[in-house]
Amino acid sequence: MKTRIAPSPTGDPHVGTAYQALYNYVFAKQRSGAFIVRIEDTDRARFNPESQTRILEMLEWLGLQPDESPVVGGPSAPYIQTERAALHQGYAKALLESGAAYRAFDTAAELEERRKASEAAKSSYRGYDRRDRDLPQFESEARAAAGEPFVVRLKAPLEGSVIVKDVLRGDVVFQASELDDKVLLKADGLPTYHLAAMCDDHDMGVTHVIRAEEWLTSTPIHVLILEALGWELPQFIHTPLLRNADKSKLSKRKSNTSVDSYRELGIAPEALLNYLGMMAFSMPANPDGSSREVFSVADLIGAFTWERVGLTGPVFDLEKLKWLNGKYIREVFTLEEVVTRAVPFLERAGFDVTDTAYVSSVVDVLRPRFDVFSDLPEKVRYFFEGVQLEEKARAKLEEGKELLIELLPYLEQLAQDVEEFDRIDVVTVPNRVIPMSTKLINGWTHQFLEDAIIRFANEKEVKLGAVMQPLRAAVTGRLETPGMYEVLLILGRERALERLRGAVMT
RNA sequence: GGCCCCAUCGUCUAGCGGUCUAGGACAUCGCCCUCUCAAGGCGGGGACACGGGUUCAAGUCCCGUUGGGGUCACCA
């Protein structure tokens, strides 16, 4: 069996394409079939060469590797539709000869005019009026031979009905009177989607056409083409459309449809795929009845079945996507994986990331505090650059300056106090071990800092917070940061004390 | 407007006639934890669109209404 996605290179890589790719990929893999990618670039007016590479790159980023595609090739090459134009023209000719199609010589202006007239007449039929359907054979040939531009149209039946068998919805019946004679071959000699997709799917051996619901109403046309060519019908599966918050079809104007934009936001491909996998499809529940929100593509391949795919168009909710991404950062990825993904964002912010151990401890301590990588740089700026006092932090600092001046010697004393203790090579913080270079250690450990600061607060008879917040402001310039002991440890004694001195002296 | 598809909390969804006083997740609210911010834990509010059937019994089946969406291009 074989599935495919057939994206059109006309713009940014669309999440809808990623969504379709996921279904096609998962279903093909589950059935040990092939997943192929074909580029549908027959619309020369909207064609965008960059778009093609970006779509292919998107799939690579997502890890949805096609078995056949323009880049990896395959037995049915080429996988770029315009390169198959001769094939399409041949099929169009066959259809013309068998009488299943005909030439139409209407100009765009004529069609437009008649369409308007039809609308003005409030006719419910808005399709082609079939003016040239019964043009005598000789006239058709002669005008074509004389060089008059024409398109090839499908001769759809005038009576009866066409039944589309959709795996998810069963039989969908369309009356012939609702169909019109769609263009198969355009005046420029290139095929329209209807012809090209059917021919290519057939020639490439596609067995399951899994595509968005918006194609459902043109499927009878496709069935007609397939039948006229004498080909076996594939299984048609129309999946619900991803929606904007207002339930309309997901669009650029109302939502972020570009996968690249999510990538820039700092959404991990695993999280995006996981999120897309819970749109319309639902993973079987856990044994305790709770729903399973976190799963991989491999899990999907294991559990996927069309019976668990709903038919209502799901609203794409960025909030939940972000939450899921945060979940991956906190619970699914290893620290190392989080760091690897974070580094490019930190570098782009201009931070020096050469000290891997340092970067790692910074990221680690921030892990429960960001859910999208692009948010990270701002949250860790003070770890890489000097302190920039925020307004509220300045006020706190002023408020506690007296206390800090007294605290300073306590902290400076710390190293001496613990000389008698053994040297420690790692700093142990509850629940994690942060490797540090030994020169930063001495008394500068979580335990000693905590003891010292609590003792100090007790002696001064103030709440811990009265010490912590001014200290936090002094050392980070902010009022919201990870735990102070962690921050002091990561910063290291020298830098922390230096910042503290600097703050109380101004 | 014609045709086609769809219909459970604001959102993603579970539910395949009785176990539903409808379950989970995001969001939201409250409490706990706590040096701040998060994370985490606990708890609250919150839905079967409506009307007819069928049936001993309907969120679950059928019909209609309403609502939403899609589609009617020499775009895909």
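A note on names: the letters A, B, ... follow the listed sequences, proteins ahead of strands, and every chain is numbered from 1. These numbers come from a predicted model, not from an experiment.
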Please report the distance, rounded to the nearest Å, between CD in E293(A) and C1' in A27(B).
13 Å
Distance check needed: C4(B) P versus F236(A) CZ, whole Å only.
18 Å
Tell me what [X] touches on the nucleic acid: a base, only sugar-phosphate, or nothing, going by heavy atoms under 4.0 Å.
| X | answer |
| --- | --- |
| R478(A) | nothing |
| R367(A) | nothing |
| R292(A) | nothing |

Any side-chain donor-acceptor pair under 3.5 Å between [X] and [Y]?
| X | Y | value |
| --- | --- | --- |
| S255(A) | N244(A) | yes |
| Q52(A) | D41(A) | no |
| E270(A) | S296(A) | no |

May I ask you to verify if any side-chain N or O of [X] is less than 4.0 angstrom from the OP1 or OP2 atom of [N]?
| X | N | answer |
| --- | --- | --- |
| R126(A) | G1(B) | no |
| K247(A) | U11(B) | yes |
| R330(A) | G40(B) | yes |

Could you tell me which nucleotide pairs with C3(B) by Watson-Crick or G-U wobble geometry, both distances under 3.5 Å, or answer none if nothing does?
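Answer to the pairing question: G70(B), which forms a Watson-Crick or G-U pair with C3(B).
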Using a heavy-atom distance cut-off of less than 4.0 Å, which residues of residues 272-287 of chain A contact RNA chain B?
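The stretch gives M278(A), M279(A), A280(A), S282(A) as the residues lying under 4.0 Å from the strand, ordered by number.
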Which of these nucleotides, C4(B), A14(B), C75(B), is closest to any side-chain atom of R308(A)?
A14(B)
RNA chain B: L321(A) or D43(A), which has the more 5' nearest nucleotide?
L321(A)
If you find the nucleotide of RNA chain B closest to S123(A) and the one closest to E331(A), which residue's nucleotide is nearer the 5' end?
S123(A)
Please tabulate the protein-to-nucleotide N/O contacts below 3.5 Å involving nucleotides 32-38 of chain B, giving atom names and distances.
residue, atom, partner, partner atom, Å
C35(B), O2, R472(A), NH1, 3.0
C35(B), O2, R472(A), NH2, 2.8
C35(B), N3, M484(A), N, 3.1
U36(B), O4', Q469(A), OE1, 3.3
U36(B), O4', Q469(A), NE2, 3.4
U36(B), O2', L479(A), O, 2.9
U36(B), N1, R472(A), NH1, 3.4
U36(B), O2, R472(A), NE, 3.4
U36(B), O2, L479(A), O, 3.3
U36(B), O2, T481(A), N, 2.8
U36(B), O2, T481(A), O, 2.9
U36(B), N3, R472(A), NH2, 3.0
U36(B), N3, T481(A), O, 2.5
U36(B), O4, G483(A), N, 3.1
C37(B), O2, R369(A), NE, 2.8
C37(B), N3, R369(A), NE, 3.3
C37(B), N3, R369(A), NH2, 3.0
A38(B), O2', P368(A), O, 2.5

May I ask you to verify whether the side chain of S291(A) and the base of G24(B) hold a donor-acceptor pair under 3.5 Å?
yes
